[in-house]
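Worksheet for the structure shown next.
If you're wondering where the values come from, they're calculated on a predicted model, not measured in any experiment.
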Amino acid sequence: MGLFSRNNKIEKPEVLLELRSPNCPITAVVEQDNRTAYFYLFGDNEDFGMKSCWIRNLTEAPEKIETKLMEKGVPPMLTKEFCKFPKGQEALSSDNLEIVWLEEGDGAALLENGEILCVIPSWGGDGGFYGYARDCNGTGDFAWEFSEDNEMRKRIENAIEFFESWDKQPNPFQLVQPEILNYYDEIFGKSEKYFAIDEPE
């Protein structure tokens with residue numbers, strides 16, 4: 001049961017996608033109600049807190065910020081001034097979405113069919129900046145425009161390559177492991193035995 005019934009009334013947001021960071025105590029979540037969609041990062045500690053970034057409106061954008069809804073904890077739509085699609089867009093489908101963590105694990109991007117929809121970098125949530133969104137124009141209240149020359153595009157590409165490399169043989173750790181073991185031998189003396197903690201194949 002939604003917050004309200006249909007007929008232009010707000011429904012309870014649905015979680016479309018959720019993914020835990022590989023490096024940090026942070027969870028990325030994609031939520032959508034019948035009006036708008038948002039990307040969130042939730043930290044396990046108070047220092048990180050919660051970060052949010054608007055993705056798209058599903059219905060016609062309002063002229064002014066929906067302050068009263070925000071006071072009730074309802075995710076606001078982005079105003080018409082900052083929308084590339086002021087009439088609204090199709091609802092997101094979880095089948096087409098993918099979350100990509102940045103290499104540090106404290107920021108993430110949301111992709112739809114391989115195209116970047118929005119990004120929350122580590123500095124998201126500071127100084128009135130929430131994150132970057134493909135469908136935003138200019139510096140909106142809940143997202144900033146994700147321009148073609150934005151440096152985050154390269155960082156996301158690098159992150160995809162980095163995490164994919166862990167599925168290959170040899171993976172990054174296997175390449176540096178001999179150097180690490182040699183360093184330990186130099187500091188502590190030659191080891192007599194090596195006990196692997198790798199999972200058996």
Side-chain angles (χ1 to χ4, degrees), residues 1-19 27-42 50-102 107-121 123-157 159-160:
M1 182 88 179
L3 296 175
F4 303 93
S5 61
R6 279 192 174 274
N7 300 325
N8 297 324
K9 294 190 177 179
I10 304 164
E11 297 177 348
K12 183 178 179 180
E14 175 189 3
V15 175
L16 299 181
L17 198 59
E18 184 173 334
L19 186 65
T27 302
V29 176
V30 182
E31 279 191 356
Q32 176 177 259
D33 58 24
N34 59 326
R35 304 162 58 256
T36 190
Y38 269 80
F39 188 39
Y40 298 98
L41 298 184
F42 295 94
M50 183 197 78
K51 301 183 180 187
S52 64
C53 183
W54 173 89
I55 304 171
R56 65 173 50 162
N57 291 341
L58 309 184
T59 59
E60 187 168 356
E63 296 288 347
K64 297 180 180 179
I65 298 176
E66 299 172 313
T67 307
K68 290 184 178 179
L69 289 178
M70 292 174 63
E71 291 172 354
K72 296 178 181 178
V74 177
M77 299 172 72
L78 192 66
T79 54
K80 189 170 292 186
E81 176 186 359
F82 300 110
C83 285
K84 287 184 180 177
F85 303 94
K87 295 295 183 183
Q89 296 169 264
E90 291 184 2
L92 297 171
S93 170
S94 58
D95 294 337
N96 302 328
L97 301 177
E98 176 188 5
I99 293 171
V100 173
W101 288 98
L102 300 178
L110 178 67
L111 280 62
E112 182 182 41
N113 295 319
E115 185 176 351
I116 302 167
L117 283 184
C118 67
V119 188
I120 302 179
W123 59 90
D126 293 337
F129 169 73
Y130 288 82
Y132 300 106
R134 182 196 66 184
D135 299 329
C136 175
N137 270 329
T139 53
D141 298 294
F142 313 115
W144 288 8
E145 183 174 355
F146 190 50
S147 61
E148 289 296 327
D149 60 352
N150 192 305
E151 271 300 311
M152 292 304 301
R153 291 186 182 276
K154 184 60 179 175
R155 289 192 59 191
I156 294 164
E157 289 177 9
I160 292 171

* Reported OH-to-CD distance for the pair Tyr40 and Glu18, which is rounded to 0.5 angstrom -> 13.0 Å
* Does any N or O in the side chain of Glu145 come within less than 3.5 Å of the main-chain N or O of Asn137, such that one atom is a donor and the other an acceptor? -> no
* Asked: CG/Leu102 to CZ/Arg155 distance, rounded to the nearest 0.5 angstrom?
  -> 5.0 Å
* For Met152 and Pro121, which heavy atoms make the closest approach, and how far apart are they? -> CE-CB, 4.1 Å
Output side-chain donor-acceptor pairs under 3.5 Å for residues 75-89, partner residues at least two apart or in another chain, one line each.
{"unit_1": "Lys80", "atom_1": "NZ", "unit_2": "Glu60", "atom_2": "OE2", "d": "3.1"}
{"unit_1": "Lys80", "atom_1": "NZ", "unit_2": "Glu63", "atom_2": "OE2", "d": "3.4"}
{"unit_1": "Lys84", "atom_1": "NZ", "unit_2": "Arg134", "atom_2": "O", "d": "2.9"}
{"unit_1": "Lys87", "atom_1": "NZ", "unit_2": "Glu60", "atom_2": "OE2", "d": "3.4"}
{"unit_1": "Gln89", "atom_1": "NE2", "unit_2": "Asp135", "atom_2": "OD2", "d": "3.2"}

* Can you name the one residue among Tyr132, Phe39, Phe146 that meets side-chain contact (heavy atoms from CB on, under 4.5 Å) with Cys118? -> Phe39
* Asked: Quick one: ring pair (Phe, Tyr, Trp, His ring centres under 6.0 Å) partners of Trp101, sequence neighbours excluded?
  -> none
* Partners of Glu31 by salt bridge (charged side-chain N to carboxylate O under 4.0 Å, His left out), sequence neighbours excluded? -> none
* Report yes if the side chains of Glu14 and Leu16 come closer than 4.5 Å at any heavy-atom pair, otherwise no. => yes
* Structure fact -> Residue set satisfying side-chain hydrogen bond (donor to acceptor under 3.5 Å, both in side chains) with Ser52, at least two apart, ordered chain then number -> none
* With sequence neighbours excluded, residues passing salt bridge (charged side-chain N to carboxylate O under 4.0 Å, His left out) with Glu71 -> none
* To do: Just jot down the side chain to side chain contact (heavy atoms under 4.5 Å, CB included) partners of Ser93, sequence neighbours excluded, or say none.
  => Asp95, Asn96
* Aromatic ring proximity Trp54/Tyr130, centre distance under 6.0 Å -> no
* Asked: Yes or no on side chain to side chain contact (heavy atoms under 4.5 Å, CB included) for Ile55 and Val30, after CA distance, side-chain angles and deciding distance?
  -> CA-CA 9 Å; Ile55 304 171; Val30 182; 4.0 Å; yes
* To do: Determine, stepwise, if the pair Val74 / Arg35 fulfils side chain to side chain contact (heavy atoms under 4.5 Å, CB included).
  => CA-CA 10 Å; Val74 177; Arg35 304 162 58 256; 4.1 Å; yes
* Asked: Checking side chain to side chain contact (heavy atoms under 4.5 Å, CB included) for the pair Ile10/Leu69: CA distance, chi angles, key distance, verdict?
  -> CA-CA 10 Å; Ile10 304 164; Leu69 289 178; 3.5 Å; yes
* What residues, two or more places apart in sequence or in another chain, satisfy salt bridge (charged side-chain N to carboxylate O under 4.0 Å, His left out) together with Glu148? -> Arg153
* To do: State, to 0.1 Å, how close Ala143 and Ala133 come at their nearest heavy-atom pair, and which atoms those are.
  => CB-CB, 3.8 Å
* To do: Take Leu117 and Leu97, measure what side chain to side chain contact (heavy atoms under 4.5 Å, CB included) needs, and give me the verdict at the end.
  => CA-CA 9 Å; Leu117 283 184; Leu97 301 177; 4.1 Å; yes
* Mind checking what makes side-chain hydrogen bond (donor to acceptor under 3.5 Å, both in side chains) contact with Glu112, not counting sequence neighbours? -> Arg56
* Using salt bridge (charged side-chain N to carboxylate O under 4.0 Å, His left out) as the criterion, list what pairs up with Glu90, not counting sequence neighbours. => none
* **Interatomic distance, Lys9 atom NZ to Asn34 atom CG [nearest 0.5 angstrom]** => 12.0 Å
* How long is the span from the CD1 atom in Ile120 to the CG atom in Leu41, to the nearest 0.5 Å? -> 4.0 Å
* With sequence neighbours excluded, residues passing side-chain hydrogen bond (donor to acceptor under 3.5 Å, both in side chains) with Ser147 -> Asp149
* Out of curiosity, Thr36 OG1 to Glu66 CD, how far, rounded to the nearest 0.5 Å? -> 8.0 Å
